[in-house]
Amino acid sequence: MNNINLVIVSLVIAIVAIQPLAQEQTDVGEANFVTVLSIDGGGVRGIVPATLLAFLESKIQEIDGPDARIADYFDVIAGTSTGGLMTTMLAAPNEKNRPMFAAKDITNFYFQHSPRIFPKIGRTKFMNSVVTVLGEATGPKYDGKYLRAMAKMMLKNLTIKDTLTNVVIPAFDIRRLQPVIFSSAQGKEVAWKNALLADVCISTAAAPTFFPPYYFETRDVDGTKHTFDLIDGGVAANNPTHLAITHITKEAVMGKYRFSGPEVFDGRRMLVLSLGTGTQTYNDLYTAQKAAKWGLLSWIFTNGTAPILRIFGDAMSDMVDIHVSTIFQSLQVEKNYLRIQEDNLKGEATAMDISSPENMRALEDIGKKLLKKPLSRLDVETGKLEPVKGEGTNADALARFATLLCAERKRRNPA
C-alpha cells in the first residue's frame with residue numbers, strides 16, 4: 001500500500017474511532033485548529049521556502065511581538081532533506097530553551113554554509129550532470145564531511161524528543177528497503193527511536209549520488225542495538241505533508257492530541273501550510289514522441305537530466321498535493337490548506353547543489369517574487385496551479401495565516 005492510500009485509510013479510521021474520545025475531552029485547553037507546517041526537500045533551493053518563512057514569522061511578530069518564533073505556532077513541523085534541516089533549525093532548542101534559529105536567519109545560514117556543503121568541483125557542466133545522475137566509481141559527488149561535522153557541532157547531544165514542537169522527518173533505510181520516519185512523539189515513547197538530531201539531519205539529507213548513505217546506531221532501554229543505513233527521505237516523501245497528517249491522525253486516535261471533534265481530521269479544523277522548493281519548467285523537454293525510442297540509458301540520462309528520477313520525484317510530490325487539495329476542496333475549506341510552490345524554475349536555479357553567490361541570490365529573489373505572485377490553488381483535474389481571483393497574493397495568504405496562527409495560540413493560552 002503506498003503512502004497516499006495509507007493517508008486515506010488513516011483519515012477514515014480516525015473519523016470513526018475518535019468520536020467517543022472527542023465526547024470525553026472538553027477541557028479549556030483543547031485545540032480549535034491543529035496547525036501543520038511542511039517543507040519539501042531540494043538542497044540549496046531551500047532558500048526559497050526559507051524566504052517565505054521569514055516573511056511569515058515577521059507577520060506573526062507584528063501581532064505577538066519580536067520574540068515570537070515559528071515553532072511556537074505549529075503543532076507539527078515536517079521536513080524532508082533540506083526541509084528536514086530547516087525543521088530542525090526552527091524547532092531545536094538553544095541554551096535558553098528557545099528555537100535555535102529565527103526564520104529570518106535561515107537564508108543567511110544557507111549563504112554561509114552551502115558553498116562548503118556543495119563545493120564547486122572542477123568539472124565541465126556536462127560531467128557534473130553525468131556524475132549527478134549516474135554517480136561515479138570513486139564515490140558520490142560530495143563526501144558530506146562538512147555537513148556531518150556542522151550538524152554534530154550545532155546540535156551536539158540533542159535528540160529528537162528535545163524539540164520545542166513535534167517534528168516529523170523521513171529518511172529511507174536501504175538495508176531494509178523501507179522508509180524510516182523520525183518523530184518527536186516516538187522519540188519520547190521508544191528509547192531506540194530517540195535518535196540524535198544530528199544523525200536525523202544527516203540521514204534525511206543524504207541524497208543518492210550527491211552524498212554517501214549514513215549509518216548510525218541507537219540503543220533500547222535494555223541495551224539492544226538498532227542499526228540504520230539511511231539515505232535522503234526524498235526518495236519516499238519529498239513533500240512530507242501527508243506524513244504530518246498521518247502523524248496527527250495516529251496521535252489523535254491514541255488520545256494524545258486534545259481535539260474536540262472528528263472534523264479536525266478532514267480539514268475543517270486543520271491549518272496546513274506546505275512550502276515547496278520549486279520545480280522546473282518542463283514544457284516539451286519530455287514528450288511521448290521523444291521517449292518512444294528511449295532505452296535504459298536514455299531514461300537515466302537525457303539532455304543533462306535524469307527523466308525517470310525527475311518523474312518519480314515530481315509524481316510523489318504532486319500526488320500528495322492532489323490528495324490533500326482534494327480533501328480540503330471537497331469540504332469547502334480550501335483556505336485551510338495553503339501550498340506555495342514556484343513551478344517555473346529555469347537554468348541553474350533548478351539544481352539542488354549550485355551554491356554560487358549568484359545562484360543563491362537568484363533563489364532568494366525567486367522567493368521574494370513568489371510572495372508577490374497571485375495566490376494559486378491546485379486544479380485537481382489538470383494538476384496545474386491556477387491563480388485564485390479575489391484572494392490576493394501569496395504574501396496576503398501568509399499574512400492571513402499568521403493572523404489565524406496567532407488567534408489559535410491566544411485561544412489556547414489566554415492572558
query: Between Val48 and Gly276, what is the shortest heavy-atom contact and its length?
result: CG1-O, 4.3 Å
- prompt: Taking all non-hydrogen atoms of both residues, which atom of Ala71 and which atom of Pro99 are closest, and how far apart?
  reply: CB-CG, 4.2 Å
- prompt: Any sub-3.5 Å donor-acceptor pair from Ser114's side-chain atoms to Phe111's backbone N or O?
  reply: no
- prompt: How far does CD1 of Ile366 sit from CG of Asn344, to the nearest 0.5 angstrom?
  reply: 9.0 Å
statement: Minimal heavy-atom distance between Pro213 and Ala206, with the atoms involved, is CA-CB, 4.5 Å
query: At what distance, to the nearest 0.5 angstrom, does CG of Leu90 lie from CG of Leu37?
result: 7.0 Å
message: Could you check whether any side-chain heavy atom of Leu398 comes within less than 4.5 Å of a side-chain heavy atom of Ile340, counting everything from C-beta outward?
response: yes
Working for side-chain contact (heavy atoms from CB on, under 4.5 Å), residues Arg45 and Met352: CA-CA 6 Å; Arg45 299 202 313 269; Met352 64 169 280; 4.2 Å; yes
task: Calculate, to the nearest 0.5 Å, the distance between atoms CZ and CD1 belonging to Phe74 and Ile70 respectively.
output: 5.5 Å
query: Is the His226 ring parallel, tilted or perpendicular to the Trp192 ring (thresholds 30°, 60°)?
result: parallel
- prompt: So, does Ser325 use its side chain to make a donor-acceptor pair with the main chain of Asp321 at under 3.5 Å?
  reply: yes
- request: For the pair Ser58 (side chain) and Phe55 (backbone), establish whether a donor and an acceptor sit closer than 3.5 Å, ignoring hydrogens and angles.
  value: yes
message: Using every non-hydrogen atom in the two residues, find where Ala151 and Ala198 come nearest and quote the distance to one decimal.
response: O-CB, 3.7 Å
- request: Using a 4.5 Å cut-off on heavy atoms from C-beta on, say whether the side chain of Arg176 contacts that of Thr227.
  value: yes
- request: Before accepting this row, confirm whether a basic side-chain N of the pair Asp72/Arg98 lies closer than 4.0 Å to the acidic partner's carboxylate O.
  value: yes
message: If you define the side chain from C-beta out and look only at heavy atoms, does anything of Leu52 sit under 4.5 Å from Leu371?
response: yes
- request: Determine, for Asp396 against Arg400, whether the closest basic-nitrogen to carboxylate-oxygen distance falls under 4.0 angstrom.
  value: no
- prompt: Going through the checks in order, is the side-chain contact (heavy atoms from CB on, under 4.5 Å) test met by Ile245 and Met270?
  reply: CA-CA 9 Å; Ile245 293 174; Met270 186 179 289; 4.2 Å; yes
- prompt: Out of curiosity, Asp232 CG to Ile202 CD1, how far, rounded to the nearest 0.5 Å?
  reply: 13.5 Å
message: With side-chain contact (heavy atoms from CB on, under 4.5 Å) as the criterion, how do Ser183 and His247 come out once you've worked through the C-alpha distance, each side chain's angles and the decisive distance to 0.1 Å?
response: CA-CA 9 Å; Ser183 71; His247 170 79; 4.1 Å; yes
task: Give a yes or no on whether the backbone of Cys201 and the side-chain of Thr204 come within a donor-acceptor separation of less than 3.5 Å.
output: no
message: Please check if the number of heavy atoms outside Asn157 that lie under 6.0 Å from its CG is greater than 12.
response: no
query: Looking at side-chain heavy atoms only, is the closest gap between Leu275 and Leu53 below 4.5 Å?
result: yes
field: Atom CD of Gln332 with >12 non-hydrogen neighbours under 6.0 angstrom
entry: no
- request: Give a yes-or-no answer on whether the side chains of Thr82 and Tyr110 include a donor-acceptor pair shorter than 3.5 Å.
  value: yes
- prompt: Side chain of Gln329, backbone of Glu334: donor and acceptor closer than 3.5 Å?
  reply: no
field: Polar side-chain atom of Ser81 near backbone of Ala205 as donor-acceptor pair, under 3.5 Å
entry: no
query: Mind checking whether Asn166 and Ile77 have side chains closer than 4.5 Å, heavy atoms only?
result: no
Atom pair CG (Asn194) and CG (Asp220), whose distance is rounded to the nearest 0.5 Å: 11.0 Å
field: Aromatic ring proximity, centroids under 6.0 angstrom, Phe118 and Phe211
entry: yes
- prompt: Backbone N or O of Phe33 within a donor-acceptor pair of the Glu408 side chain at under 3.5 Å?
  reply: yes
query: Judged by modelled atom types alone, do Thr241 and Ser38 share a side-chain donor-acceptor pair under 3.5 Å?
result: yes
query: Got a sec: does the CD of Glu358 have more than 12 other heavy atoms crowding it under 6.0 Å?
result: yes
- prompt: Does a salt bridge link Lys59 with Glu62, judged by any charged N lying under 4.0 Å from a carboxylate O?
  reply: yes
- request: May I ask you to test the Leu155-Met100 pair for a side-chain heavy-atom distance under 4.5 Å?
  value: yes
- prompt: Of Val36, Ile39, Leu56, which meets side-chain contact (heavy atoms from CB on, under 4.5 Å) against Leu273?
  reply: Leu56
- prompt: More than 12 heavy atoms of other residues, nucleotides or ligands under 6.0 Å from CZ of Arg361: is that the case?
  reply: yes
Electrostatic pair Lys373:Glu342 at N-O distance under 4.0 angstrom: yes
- request: Could you tell me how the ring of Phe228 sits relative to the ring of Phe182: parallel (under 30°), tilted (30 to 60°) or perpendicular (over 60°)?
  value: tilted
message: Would Leu338 and Leu375 count as a side-chain contact (heavy atoms from CB on, under 4.5 Å) here? Give the steps.
response: CA-CA 9 Å; Leu338 178 58; Leu375 172 67; 3.4 Å; yes
message: Distance alone, cut at 3.5 Å: any donor-acceptor contact between the side chains of Asp75 and Thr35?
response: yes
Point-to-point distance, once rounded to the nearest 0.5 Å, from CD of Glu348 to CE of Met360: 11.5 Å
- line: What one should report as the nearest heavy-atom pair of Glu386 and Asp379 is CG-CB, 4.0 Å
Expected output: side-chain Asn238 to main-chain Ser317 donor-acceptor under 3.5 Å: no
- prompt: For the side chain of Asp162 and the backbone of Thr159, is there at least one donor-acceptor N/O pair under 3.5 Å apart?
  reply: yes
- request: Give the C-alpha distance, both sets of side-chain angles, the deciding distance and a yes or no for salt bridge (charged side-chain N to carboxylate O under 4.0 Å, His left out) between Asp365 and Lys369.
  value: CA-CA 6 Å; Asp365 190 53; Lys369 289 179 178 177; 3.1 Å; yes
- prompt: Under 3.5 Å, side chain of Thr80 to main-chain N/O of Gly234, donor-acceptor pair present?
  reply: no
statement: Taking every heavy atom of Phe172 against every heavy atom of Leu177, the minimum-distance pair comes out as CZ-C, 3.5 Å
message: What I'd like to find out is whether the side chain of Asp353 reaches to under 4.5 Å of the side chain of Tyr142, using heavy atoms alone.
response: yes
- prompt: Is there side-chain contact between Lys335 and Arg377, with heavy atoms separated by less than 4.5 Å?
  reply: yes
